[in-house]
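Working notes, structure below.
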Amino acid sequence: MPKTTPYLVSLDIGTSKVCALIAETGSEGRVDVVGKGTASHKGTRKGAIIDVPATVEAIKRATEEAEIMAGVQIEQAVVGVSGPIVRSFNSRQVVAVAARSREISREDIGRALDAARSCPIPSDYEILAVLQRQFVVDGQDGVADPLGMVGSRLEADVHVVTVPVATTQNLLKCVNGAGVSVTEMILEPLAASEAVLTLDEKDHGVVLADIGGGTTEIAVWRQGALAHTAVIPIGGDLFTSDLAVLLKTPVPDAERLKRKFGAAIPGLVRGDETIDVPRTGGQGFHPVSRAYMAEILEARARELFEVLWREATTDVPARELRAGLVLTGGGSSLDGMADEAEQVLGIPVRIGSPRGLSGLTDIVNGPEWACAAGLLLVGRGRAAVPKSKLKDSGGLFSKLKNSLGRMFPPASGN
Ligand SMILES: Nc1ncnc2c1ncn2[C@@H]1O[C@H](COP(=O)(O)OP(=O)(O)OP(=O)(O)O)[C@@H](O)[C@H]1O
Ligand SMILES: [Mg+2]
């Protein structure tokens with residue numbers, strides 16, 4: 001019998017910081033947050049690990065803080081994966097229905113899914129997840145569960161997420177190096193979607209954008225199913241460096257000023273208000289109007305929204321995204337981001353904070369917690385896996401492969 005743990009742990013290893021959450025899973029799928037920890041670090045850049053010891057150190061600090069708060073020791077965790085190197089695409093394959101009666105069986109569904117997921121990928125890439133989107137029976141699309149239907153052609157339509165082997169190995173190395181086993185790796189924009197989006201939004205068509213420090217991760221949902229995922233190399237840190245360069249101020253000061261006085265729309269600030277901005281090199285201060293700061297931030301916000309919307313609507317027409325755009329992640333906390341996006345794109349935009357958790361929710365209700373919270377929600381209900389199997393990467397990947405197709409419910413379940 002595998003040793004099980006009553007606790008669920010998530011690790012979001014972001015560009016700006018590592019977030020760790022510990023939750024107790026209660027009856028009826030409740031996820032009670034009992035501990036949280038964060039540690040800022042410089043071990044990753046734009047979603048990729050560039051310094052293993054620094055990342056290990058940050059994971060240790062974040063998990064220790066969460067452990068102290070929860071009063072338990074972390075053994076294993078669900079871990080988020082992201083970065084521009086993640087490649088995802090839709091794959092569709094057809095199989096003939098085997099039975100003479102032409103009634104679709106579980107075996108037919110299994111064969112169709114196997115065919116759809118066995119698409120060619122580069123040799124240095126692994127499949128991270130295969131998510132069921134829909135089935136097509138004799139040309140009739142939008143079928144969520146074809147079991148028992150009659151037809152001769154069954155097509156499975158899946159979204160395949162692939163990631164370089166080196167990326168997952170490095171992530172595994174860092175988490176294991178901090179003394180934690182990995183039970184599952186989950187694509188971060190999917191996790192954030194789980195925490196932030198409503199079922200209605202997914203049904204009506206929506207884009208989730210998780211604006212982090214180094215990247216913005218997007219997930220496009222159409223008719224209740226995932227249609228597209230992508231990572232855009234623009235995040236909140238570029239807003240900060242724009243301020244640092246144009247206001248000639250050190251980056252830490254630019255970051256502080258952005259959070260305290262920044263806005264993505266000049267109209268939100270008083271035109272005559274000025275702030276004393278420290279000069280680089282410790283050469284005193286100079287006055288800068290808040291309106292000028294907002295103009296700088298607005299230019300970057302505008303670029304981000306245009307790029308992300310172009311990416312989101314490459315395969316899915318904008319008219320099918322009736323619920324618009326939901327912004328989350330720390331970068332969405334900049335004042336006026338939703339208003340600016342509405343103005344630029346002419347669609348409904350809201351800020352999404354994590355929901356669906358209980359317990360200490362007041363301390364993890366900001367948008368920067370969306371991914372860590374979503375990892376808990378996706379990981380909820382999974383069987384615990386013995387620690388001995390999880391330290392070895394071969395074991396992890398065979399588990400990942402075994403879990404393909406059941407990571408997320410089919411479209412009807414969304
Ligand atoms: N109140 C705020 N106002 C403006 N920006 C903010 C605020 N709070 C956080 N940010 C920005 O959010 C970004 C960090 O967001 P988050 O914590 O979601 O990133 P991350 O997950 O570590 O990074 P990534 O997802 O890129 O790997 C930083 O650029 C930070 O400046
Ligand atoms: Mg993030």
Side-chain angles (χ1 to χ4, degrees), residues 10-21 36-51 54-55 58-59 61-62 79-86 167 171 174 186-196 208-219 229-244 251-265 268-269 290 293-294 296-298 300-301 304 308 327-338 340 351-354 364-375:
S10 67
L11 277 177
D12 168 13
I13 301 165
T15 311
S16 316
K17 62 188 186 334
V18 174
C19 294
L21 283 182
K36 66 115 195 180
T38 52
S40 54
H41 72 124
K42 295 201 166 18
T44 69
R45 187 182 299 147
K46 295 209 179 286
I49 291 167
I50 53 162
D51 184 338
T55 308
I59 296 170
R61 277 188 288 129
V79 178
V81 183
S82 100
I85 30 49
V86 174
T167 299
L171 204 51
C174 291
I186 292 167
L187 189 65
E188 295 200 340
L190 292 177
S193 293
E194 192 72 10
V196 159
L208 171 108
D210 178 350
I211 309 172
T215 59
T216 293
E217 295 153 13
I218 64 168
T229 51
V231 181
I232 290 154
I234 302 173
D237 293 353
L238 275 182
F239 290 64
T240 304
S241 54
D242 288 348
L243 284 186
V251 169
D253 289 300
E255 176 70 22
R256 179 180 54 81
L257 294 169
K258 175 183 83 169
R259 292 183 185 220
K260 194 156 180 207
F261 302 107
I265 290 194
L268 281 181
V269 298
R290 278 186 74 185
M293 266 179 67
I296 297 169
L297 296 168
E298 183 183 41
R300 186 60 81 177
L304 171 61
L308 81 80
L327 303 177
T328 194
S332 69
S333 300
L334 178 65
D335 222 11
M337 283 293 265
E340 175 66 17
I351 304 294
S353 294
V364 293
N365 60 6
E368 69 274 22
W369 287 97
C371 179
L375 290 170

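As the structure is a computational prediction, the values presented were derived from the model and not from experiment. We're numbering straight along the sequence, starting at 1. Indexing begins at 1, ligand by ligand and atom by atom, following the structure's order.
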Those atoms of ligand 1 less than 4.0 Å from some heavy atom in K17: 16 (P), 17 (O), 22 (O)
Nearest atoms (heavy-atom pairs only) where M337 meets F239: CE-CZ, 3.9 Å
Top protein contact for atom 5 (N) of ligand 1, by heavy-atom distance: K258 CE, 3.4 Å
Stepwise side-chain contact (heavy atoms from CB on, under 4.5 Å) check, L375 with C371: CA-CA 6 Å; L375 290 170; C371 179; 4.2 Å; yes
Minimum-distance protein heavy atom relative to atom 22 (O) of ligand 1: S16 N, 2.8 Å
Heavy-atom pair of closest approach, residues W369 and V364: CB-O, 3.4 Å
G329 neighbourhood, listing ligand 1 atoms whose heavy-atom distance to it stays under 4.0 Å: 18 (O)
Taking atom 18 (O) of ligand 1 as the reference point, the nearest protein heavy atom with its distance: G330 N, 2.9 Å
Heavy-atom pair with the smallest gap, counting every atom of E368 and C19: O-SG, 4.4 Å
Identity and distance of the protein heavy atom lying nearest atom 1 (N) of ligand 1: S333 CB, 3.6 Å
Close approach, G331 and ligand 1, non-hydrogen under 4.0 angstrom: yes
Closest contact, heavy atoms only, P233 versus L238: O-CD1, 4.1 Å
Chi angles and distances behind the side-chain contact (heavy atoms from CB on, under 4.5 Å) call for E217, T229: CA-CA 8 Å; E217 295 153 13; T229 51; over 6 Å; no
Atom CZ of R256 with >12 non-hydrogen neighbours under 6.0 angstrom: yes
Atom 21 (O) of ligand 1: nearest protein contact (heavy atom, Å): G14 CA, 3.7 Å
Nearest heavy atoms of A370 and T328, plus distance in Å: CB-OG1, 3.3 Å
Ligand 1 to D210 polar contact by distance, N or O atoms, under 3.5 Å: no
Test of proximity, T215 against ligand 1: N or O pairs below 3.5 Å: yes
Which residue and heavy atom of the protein sit nearest atom 25 (O) of ligand 1, plus the separation: G212 CA, 3.5 Å
Atom indices of ligand 1 within 4.0 angstrom of G236 heavy atoms, with elements: 29 (O)
For T240 against V251, the heavy-atom pair lying closest together: CG2-O, 3.8 Å
Between K17 and T38: side-chain donor-acceptor atoms closer than 3.5 Å: no
Where ligand 1 meets E255 - atom numbers and elements under 4.0 angstrom, heavy-atom basis: 30 (C), 31 (O)
Contact atoms of ligand 1, heavy-atom distance to G214 under 4.0 Å: 26 (O)
Nearest protein heavy atom with distance in Å, relative to atom 29 (O) of ligand 1: D237 OD1, 2.7 Å
Nearest-neighbour protein heavy atom for atom 23 (O) of ligand 1, which is reported as residue plus atom name and distance: G213 N, 3.0 Å
